[in-house]
Amino acid sequence: MKYLKDVQEPGMGTWYFEVDHDGTAYRQMVHDEDGSWITSNRKHDSRHFLLAEHPLDPKEPYYEEISQAAFEELWQKQLLVWMEDW
């Protein structure tokens, strides 16, 4: 697995992906500029279940590889936020 960070254009937030060797996303998060988070394990009001529909190419210059630990830390924080709802 690879863990990627993508800072989109202004207003698009920061995107995080867990992808396999073919670029298929298994988990995804978006940290919007308003401070909110969207994760691929929960249905969002407007974006529904957010997960990349096409394989990602980690070699593209806008992706930065991050550690699994960094991704997991963010993912676990988001799980805790919604724990009561589950």
Side-chain angles (χ1 to χ4, degrees):
M1 292 290 191
K2 288 190 178 202
Y3 300 87
L4 307 173
K5 176 180 177 182
D6 178 14
V7 178
Q8 300 277 325
E9 297 176 22
M12 296 295 292
T14 303
W15 296 57
Y16 299 88
F17 304 91
E18 175 187 56
V19 298
D20 67 9
H21 66 280
D22 292 324
T24 302
Y26 285 83
R27 294 187 288 171
Q28 182 172 326
M29 297 176 280
V30 179
H31 187 203
D32 278 333
E33 290 184 351
D34 67 3
S36 65
W37 285 84
I38 302 169
T39 56
S40 60
N41 66 327
R42 297 190 72 247
K43 186 175 182 181
H44 184 264
D45 292 339
S46 64
R47 296 189 187 179
H48 306 286
F49 288 103
L50 181 69
L51 197 57
E53 295 178 2
H54 303 285
L56 305 177
D57 182 357
K59 295 176 185 162
E60 292 291 342
Y62 39 84
Y63 293 124
E64 171 188 334
E65 194 163 342
I66 62 172
S67 69
Q68 179 180 2
F71 184 94
E72 290 297 340
E73 181 179 345
L74 294 170
W75 185 261
Q76 292 302 318
K77 284 181 182 179
Q78 297 316 304
L79 290 180
L80 288 175
V81 168
W82 298 104
M83 191 63 71
E84 279 190 29
D85 290 347
W86 292 340

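Below, all heavy atoms of this structure are taken into account, side chains as well, without hydrogens, waters or symmetry copies. These numbers were taken from a predicted model, which means no experiment stands behind them. Numbers for residues simply follow the sequence, beginning at 1.
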Is there a donor-acceptor pair under 3.5 Å between the side chain of [X] and the backbone N or O of [Y]?
X     : Y     : answer
Asp20 : Gly23 : yes
Asp34 : Ser36 : yes
Gln28 : Ala52 : yes

* Asked: Does a donor on one side chain sit under 3.5 Å from an acceptor on the other, for Thr24 and Asp22?
  -> no

* **Trace of the side chain to side chain contact (heavy atoms under 4.5 Å, CB included) decision for Met29 with Glu18** => CA-CA 9 Å; Met29 297 176 280; Glu18 175 187 56; over 6 Å; no

For residues [X] and [Y], report the shortest heavy-atom separation together with the two atoms involved.
X     : Y     : value
Phe17 : Asp6  : CE1-CB, 4.1 Å
Tyr63 : Asp57 : CD1-O, 3.2 Å
Leu4  : Ile66 : N-CG1, 4.2 Å

* Under a 4.5 Å cut-off applied to non-hydrogen side-chain atoms, are Lys2 and Glu65 in contact? -> yes

* Take Ser40 and Trp75 through the side chain to side chain contact (heavy atoms under 4.5 Å, CB included) test and state the conclusion after the steps. => CA-CA 10 Å; Ser40 60; Trp75 185 261; 3.7 Å; yes

If I take atom [atom1] from residue [X] and atom [atom2] from residue [Y], how far apart are they, to the nearest 0.5 angstrom?
X     : Y     : atom1 : atom2 : result
His31 : Trp37 : NE2   : CH2   : 5.0 Å
Leu79 : Leu74 : CG    : CG    : 11.0 Å
Ile38 : Trp15 : CD1   : CH2   : 7.0 Å

* Mind checking whether Tyr3 and Phe71 have parallel, tilted or perpendicular rings, split at 30° and 60°? -> tilted

